[in-house]
Structure formats: structure tokens, C-alpha cells
Amino acid sequence: MLNLETLKDELNPQQFKAVTTTEGAILIIAGAGSGKTRVITFRIAHMLDKGIPQSQILALTFTNKAAKEMADRIKSLTQKKLQNLTVSTFHAFGVKVLRADIDKLGYRDNFSIYDETDRVSLIKECGRELKFSPEAMDIYMIGNLISNIKTGRKNWDSSNDMYRPLYESYQEGLKLFNAVDFDDLIVLPIKLFKEHPEVLAKYRERYKYIMVDEFQDTSHQQYEFMHLLADKNVAVVGDDDQSIYSWRGADYQNIINFEHDFDVTEIRLEQNYRSTGTILEAANGVISHNTNRKDKKLWSGNGAGKPIEIFMPEDETDEADFIAESILGIACEEKRKYDEFGVLMRSNSQGRFIEEAFLQNNIPYTMSGGTSFFERKEIKDVISYLRVIANHDDEINLIRIINCPRRGIGRAAIQLLNDEANLQGCSMWNAMISLVQRQDSPASETVKEDFSDFMKIIEEHRQKILTGRGLSQKIRQLIEDINYKDHLLTEYSKNEKAVRFKMKNIESLLNSIEVWENDPDNDNPNIFNYLNRITLMSRDNDDENDKGKVNLMTIHASKGLEFPVVFIAGAEEGLIPHARSVEENNGDVEEERRLFYVAITRARDKLFISSCRKRRHMQMVSEIEPSRFLDEIPANLVEYHEPKTVTIEETGKMFGDFLQQLKSQM
DNA sequence: CGTCTCCAGGTTTTT
DNA sequence: CCTGGAGACG
């Protein structure tokens with residue numbers, strides 16, 4: 001069905017070459033909109049057609065969204081079941097490797113994965129224990145430092161040496177709690193492969209064909225991981241102009257490493273099938289200001305299309321209204337569905353205003369990112385219970401729930417546990433057992449009883465949840481048994497709406513678990529697999545019911561996606577390029593420019609950009625300048641909409657509104 | 001000793 | 001707006 005003739009018809013010569021070169025190492029430099037995803041999916045389908053077994057193919061991506069999309073597209077192209085094909089993010093693949101052999105590194109296979117919040121708690125706890133002064137506990141900086149040290153991006157020196165004990169205590173903590181952090185998901189498999197060549201051999205034996213998408217975003221560790229696994233058939237696909245993750249260790253110099261380490265055939269895809277000539281020219285105009293890049297020029301066979309429109313709303317509320325109204329207008333005039341619109345922003349915090357405008361105008365939307373569902377307190381509470389049930393030694397989550405709902409275990413009791421754990425050199429859970437059972441236990445009878453009750457609840461549900469099916473039902477029972485609803489009612493006694501909202505969230509968590517465990521493609525719906533999955537999936541709630549909704553997201557999250565109509569909100573100095581980024585990189589804005597480039601190239605037909613004249617930032621309203629990148633778009637492609645000057649009548653009306661507002665507040 | 005209440009503070013992007 | 005921490009209170 002995918003014979004060479006059809007492929008030749010469907011693809012341009014470069015694409016054809018990329019799809020049919022299945023042996024050896026190839027580097028595909030794929031400009032924005034050049035049909036990259038198509039090439040990848042066709043390539044895998046072609047390999048399967050040639051008779052290469054699914055099990056020999058490993059495709060690595062960076063986001064779950066990308067992995068899912070790739071799997072879906074291969075599925076619909078080949079009409080085959082893909083049970084043995086591995087399409088996964090680097091991190092998820094790391095989890096898989098660790099789940100099989102982490103015992104060789106001295107962990108148990110029910111390890112917990114710590115997300116950012118867990119990690120912060122652990123760092124704080126270590127700092128407290130080591131008596132670091134509060135001023136020295138710059139959690140953000142320490143978190144980065146730990147990550148940089150762990151991944152070899154930084155070494156100890158006189159400026160950071162004081163945090164060495166903290167780092168060691170952090171690492172010991174993870175080990176004691178049988179937990180790993182995100183960095184470990186890449187670093188530990190590498191360690192495992194190096195110390196246990198027989199484990200590596202197993203994977204090298206199995207995977208004969210490896211493919212890496214968004215290669216420009218690989219970190220050194222991810223490259224090493226891939227390099228260890230790869231034999232000779234490796235295809236990497238990337239675009240240095242779209243490298244936007246250097247802050248988390250991505251280094252597009254890996255493209256050069258790759259050319260050095262393998263015998264590489266390079267293929268360039270430079271024809272853009274996505275955007276109008278105008279949009280593409282604008283993108284080229286912007287990115288050409290970067291000096292450090294592989295020179296290339298994307299071209300398009302599509303017509304010029306409509307000009308890019310730039311608006312200058314007064315403030316973020318104005319901007320949000322403008323976007324909402326424009327969407328309503330265009331949807332009606334051009335008969336576009338809501339899911340044809342993408343609204344892109346630099347930071348999650350911008351989303352609030354736009355969301356509000358959408359709600360007011362009854363525009364259905366989905367937002368990926370923001371306060372993620374799994375970061376909501378009520379959801380974290382439930383998940384913490386599950387984590388402790390899965391892994392008794394997960395101390396961070398144990399502490400989180402040991403007194404939630406309130407069961408009389410306060411600071412002093414926890415201190416007692418801590419001391420006991422240190423004394424016995426064991427985990428908190430075992431310390432709890434010890435305090436309850438030991439003859440000369442320092443714990444009072446009431447405290448003992450509180451501990452016992454808590455352990456009983458966990459144990460009882462552990463028995464149920466670890467065996468058999470029907471996960472969601474059992475978790476529902478757990479939530480009832482701990483009286484979580486009553487807990488919420490007392491905790492938020494003034495705010496009944498909040499309680500209902502939170503219970504609704506829990507309900508939708510339970511629903512999603514039910515959907516997951518009943519998915520026929522899911523061959524092993526146990527609690528461990530569920531927990532691993534959701535930690536890595538903190539953001540995209542990729543649901544079928546996202547269809548027909550406007551897509552609101554950060555520019556980072558939009559990579560790899562495209563929309564017929566795109567709005568870029570907040571194209572202002574300080575936001576893009578972000579003030580923080582400018583500061584950290586000593587004025588180098590090349591990565592921010594790439595980010596802006598990514599944003600522009602998401603658009604197919606029509607691009608709107610808005611730049612507010614004022615923006616509220618931490619209570620303060622300040623005047624701001626339009627982004628310097630706007631001037632880099634060739635002027636002939638742009639239609640500027642100057643803000644209308646405020647007339648006397650309007651000033652009068654505004655004053656009236658202001659009075660009205662004052663009155664309503666009194 | 002545990003809980004309740006009030007107050008300050010809040011970093012860009014994500015696995 | 002919401003969360004976490006410090007201190008008062010029971």
C-alpha cells in the first residue's frame with residue numbers, strides 16, 4: 001500500500017530520500033512547516049512495510065503530545081495495531097528502563113518520581129535539617145544548581161561549594177525515600193548502562209532503528225543516552241532555528257556531535273507547505289538577525305496571502321477582548337471552526353485575562369499549561385495517598401498526607417518520627433512502626449494510636465489497590481474512607497463553591513483513571529504504571545473533547561503544532577524577549593528570537609500580533625515598549641493598527657464608568 | 001501539643 | 001488570588 005511509486009507521488013525528492021533512507025545515520029534538517037511529521041510517520045510506515053518488525057523501532061520525542069501525535073498518525077497511516085512499536089518521550093523511556101533494572105542501582109522497582117513540587121519540599125527539608133539560614137535558601141537557585149551538578153553542566157567551585165552538603169543530603173534523601181527526580185530519569189539509565197553492560201546489550205539487541213524528533217532540543221545527557229543505545233541506524237530530525245530549550249540543557253551543538261560520532265547523510269527540507277508567503281517572509285526576516293545558525297532559506301509555493309496585522313491595545317484586558325472579538329468575527333465571516341485558532345503567549349500568567357475574555361464571550365477553549373490539573377491541591381492530595389500506598393518510603397508524600405485530613409499528627413509528632421528514623425537509620429514509615437511497637441517508645445499513647453490509625457488506612461487500601469482490577473472504584477472508596485469531602489468542607493468553610501469545584505476535579509480525576517484502565521491498548525493498568533504516567537504527563541490533558549475549541553497555550557507548548565489563524569499576545573519588550581532571559585544571557589536574545597520565530601511559523605493563513613501599551617506586573621501598572629522583534633519583520637508585510645486616540649467624549653464616558661465602578665464597590 | 005488566623009510574598013519557558 | 005509560614009490561642 002505504501003509502495004515506492006505512491007511515496008514518490010506523495011513526497012518531494014528530499015522528503016522521499018529521507019523516508020526511504022532507512023539504513024545508516026541520517027540528519028534531517030527540517031525547517032518549520034516542511035512536512036517533518038509527515039516524513040517521520042511515512043518513514044516508520046515504510047519501514048514496517050519493508051518488513052522491519054515493530055519491536056526493533058524506537059522513536060524518541062520530547063513531549064507527550066508529540067509522542068501521542070506520532071503514534072496516532074502512524075496508526076492511521078498503516079491501519080495496524082502498534083503494540084510493539086516504541087514511541088515515547090526520553091523521560092518515559094527512562095522510566096521504562098529503570099522499572100526493569102533499577103534494583104541493580106540499589107533502588108526498589110516501586111520507586112516514586114518526584115515532580116517539581118516534591119523536589120522543592122525535599123530541598124527545603126534538607127536545608128532545614130542542615131540549618132541553612134533562610135537567606136541562603138534561594139530554592140530556585142539551589143534547584144538549578146542541583147540539576148546542573150547532577151547532569152554535569154556545572155562543577156563545584158568556590159562560589160557554590162557551600163551547597164555541597166545540601167546536594168549530598170538531597171541525594172541521600174531520594175535514595176532513602178526510594179525516589180528519583182526528572183534528571184535521574186536520564187542520568188540513572190546512563191549509569192545503569194555503563195555499570196551493567198548486559199542491560200545495555202539487551203536494549204541494543206532489541207532496538208535496531210532509532211529515531212529522535214526535535215533533535216535540536218536534546219541535552220548532552222539525552223544525546224549520550226541515545227548514543228549508547230544506537231548502533232548504526234539512527235535518524236535525527238531537527239531545526240537549529242527552533243531550539244528553545246537551552247535553559248534546561250538543550251544544546252543544538254549536538255547536531256555537530258552527531259556528525260562527528262556517526263557517518264552521517266544530511267538531508268535538508270526547505271520547502272514550507274504550511275504558511276503563506278507573507279508569514280514565511282516575516283519569519284525569515286526575523287530569524288535572519290540571528291548570527292549563530294545554519295544558514296537556510298525556507299521557501300513556499302503558497303500564495304502571498306494576507307498581511308500580518310499588528311495591534312496596540314491599551315492593556316491586557318483590552319488585548320484579551322480584542323482577541324476574543326476577533327475570533328468571534330473571523331469564525332463567523334470566514335466560517336472557521338474554533339479549533340482553527342491558536343492563541344500563543346510567552347508566559348502562562350498571560351492566560352488568565354484571555355481565559356476570562358473567552359468565558360465572557362462564550363468561546364470554548366482549551367489551555368495547555370498554566371496551573372496544571374495535577375498541581376491542584378486536591379489532586380495532589382489524592383495522588384499522594386496513592387504514592388504512599390505504592391511506596392511506603394516516599395517520605396515527601398507521606399508527610400504531605402499524614403495529617404491531611406487532620407488526624408492529630410502535628411509538628412511534634414513528625415519531629416519524633418524524624419528522630420526515630422535517624423536513630424534507626426530507616427525510613428519514616430518504618431520509624432512509625434518502630435515507635436508504635438517498641439517497648440520504651442518515646443511516643444505517647446495518643447500519638448501511637450494516631451500513627452496506627454493512619455497506617456491501618458494505608459495498609460487496608462494497599463491490599464485492595466495493589467491487587468485485581470477496578471482501580472478507579474477502589475480509589476473512590478479510599479477518598480470516602482478518609483472523609484476527604486468533610487475535610488474540604490471544614491477547610492473551606494467560607495467558600496462552598498470552592499469545595500464543589502474541588503470535588504468536581506477529583507471526580508474528573510477518577511473518570512480519567514477509569515478511561516485509562518479500560519483502554520484496550522493498555523495491557524497492564526496497575527497503580528505503578530498509572531503513577532509513573534501522570535508524573536510525566538503533568539501538562540497536556542490531550543482529550544478528544546478538545547475538538548472544536550480555541551487553543552490557548554505558551555509558545556513553548558505550541559512547537560510542532562500549526563493553526564490556520566494565530567494570535568501572538570504580548571509581543572512586548574520584557575515579555576518577548578523576556579526581561580529575565582535578557583538579564584541571564586547578558587543581553588543575548590537569540591533564543592528569544594527563535595521563540596518568536598517558532599510563534600510566527602505556527603500560522604498557516606493569518607497572523608495577528610498584539611503589543612499592549614501598559615501591562616500590570618505584580619500590582620504595578622507600567623508603560624511598556626513593543627518588542628524589538630516587531631521591527632525585524634519587513635515593513636511591507638505588516639499592517640499597523642495604531643491605537644485610536646481617546647476623544648473628549650470617551651474620556652467623559654470613562655470617567656462615568658469609573659464613578660459607576662466606585663459606587664458599585666461601596 | 002495541635003489548630004486556627006492572619007500576613008507576607010510571589011521569578012519564564014517543561015520533562 | 002492563592003499558598004505557606006509565623007505566632008496566638010485553646
For [X] and [N], give me the distance from atom [atom1] to atom [atom2], rounded to whole Å.
X	N	atom1	atom2	result
A:Y140	B:dG10	OH	C1'	11 Å
A:K380	C:dT3	NZ	P	13 Å
A:W247	B:dT13	CH2	P	8 Å
A:D118	B:dT15	CG	P	16 Å
A:N585	B:dT12	CG	C1'	12 Å
A:N64	B:dT14	CG	P	13 Å
A:R376	C:dC2	CZ	P	10 Å
A:R400	C:dG4	CZ	P	8 Å

Please classify the nucleic acid contact of [X] as base, sugar-phosphate, or nothing, using heavy-atom distances under 4.0 Å.
X	value
A:N144	nothing
A:F90	nothing
A:E584	base

Taking the C1' atom of each, how far is B:dT13 from C:dT3, in whole Å? 22 Å
Check: A:F62 ring centroid to A:Y245 ring centroid under 6.0 Å: no
If you take the centroid of each ring, where Trp contributes its six-membered ring, are A:H220 and A:Y223 closer together than 6.0 Å?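 Here the rings of A:H220 and A:Y223 have centres that are no less than 6.0 Å from each other.
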Stepwise side chain to side chain donor-acceptor pair (under 3.5 Å) check, A:S88 with A:T86: CA-CA 6 Å; A:S88 156; A:T86 315; over 6 Å; no
CA sep, side-chain torsions, deciding dist, call: A:T151, A:D183, side chain to side chain donor-acceptor pair (under 3.5 Å): CA-CA 7 Å; A:T151 54; A:D183 293 323; 5.6 Å; no
To the side chain of A:T89, which of B:dT15, C:dG4, B:dT14 is closest?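 Closest nucleotide among those given: B:dT15.
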Look at the side-chain N and O atoms of A:T554 and state whether any lies under 4.0 Å from the OP1 or OP2 oxygen of B:dT14. yes
Looking at C:dG4, I'd like to know if its phosphate oxygens (OP1 or OP2) sit under 4.0 Å from a side-chain N or O belonging to A:K124.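 So the side chain of A:K124 is outside the cut-off, no N or O lying under 4.0 Å from OP1 or OP2 of C:dG4.
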Taking A:K68 first and then A:D72, would you say they form a salt bridge - that is, a charged N and a carboxylate O separated by under 4.0 Å?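 A salt bridge is present here (some side-chain N lies under 4.0 Å from a carboxylate O).
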Would you call A:D217 and A:R248 a salt bridge, taking side-chain N to carboxylate O under 4.0 Å as the test? no
Report yes if a donor N or O on one partner sits less than 3.5 Å from an acceptor N or O on the other, where the partners are the side chain of A:R580 and the base of B:dT12; otherwise report no.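 Per atom types, no contact qualifies.
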Tell me, for nucleotides 1-9 of chain B in 5' to 3' order, what letter each nucleotide earns: B for a base near a protein heavy atom under 4.0 Å, S for only sugar-phosphate near one, - for neither? SSSS-----
Would you mind telling me which residue lines up with the more 5' stretch of DNA chain C, A:R128 or A:R352, judged by nearest nucleotide?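 Closer to the 5' end of DNA chain C: A:R352.
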Residues in ring-ring contact (aromatic ring centres under 6.0 Å, His included) contact with A:Y114, at least two apart in sequence or another chain: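 Here no residue qualifies.
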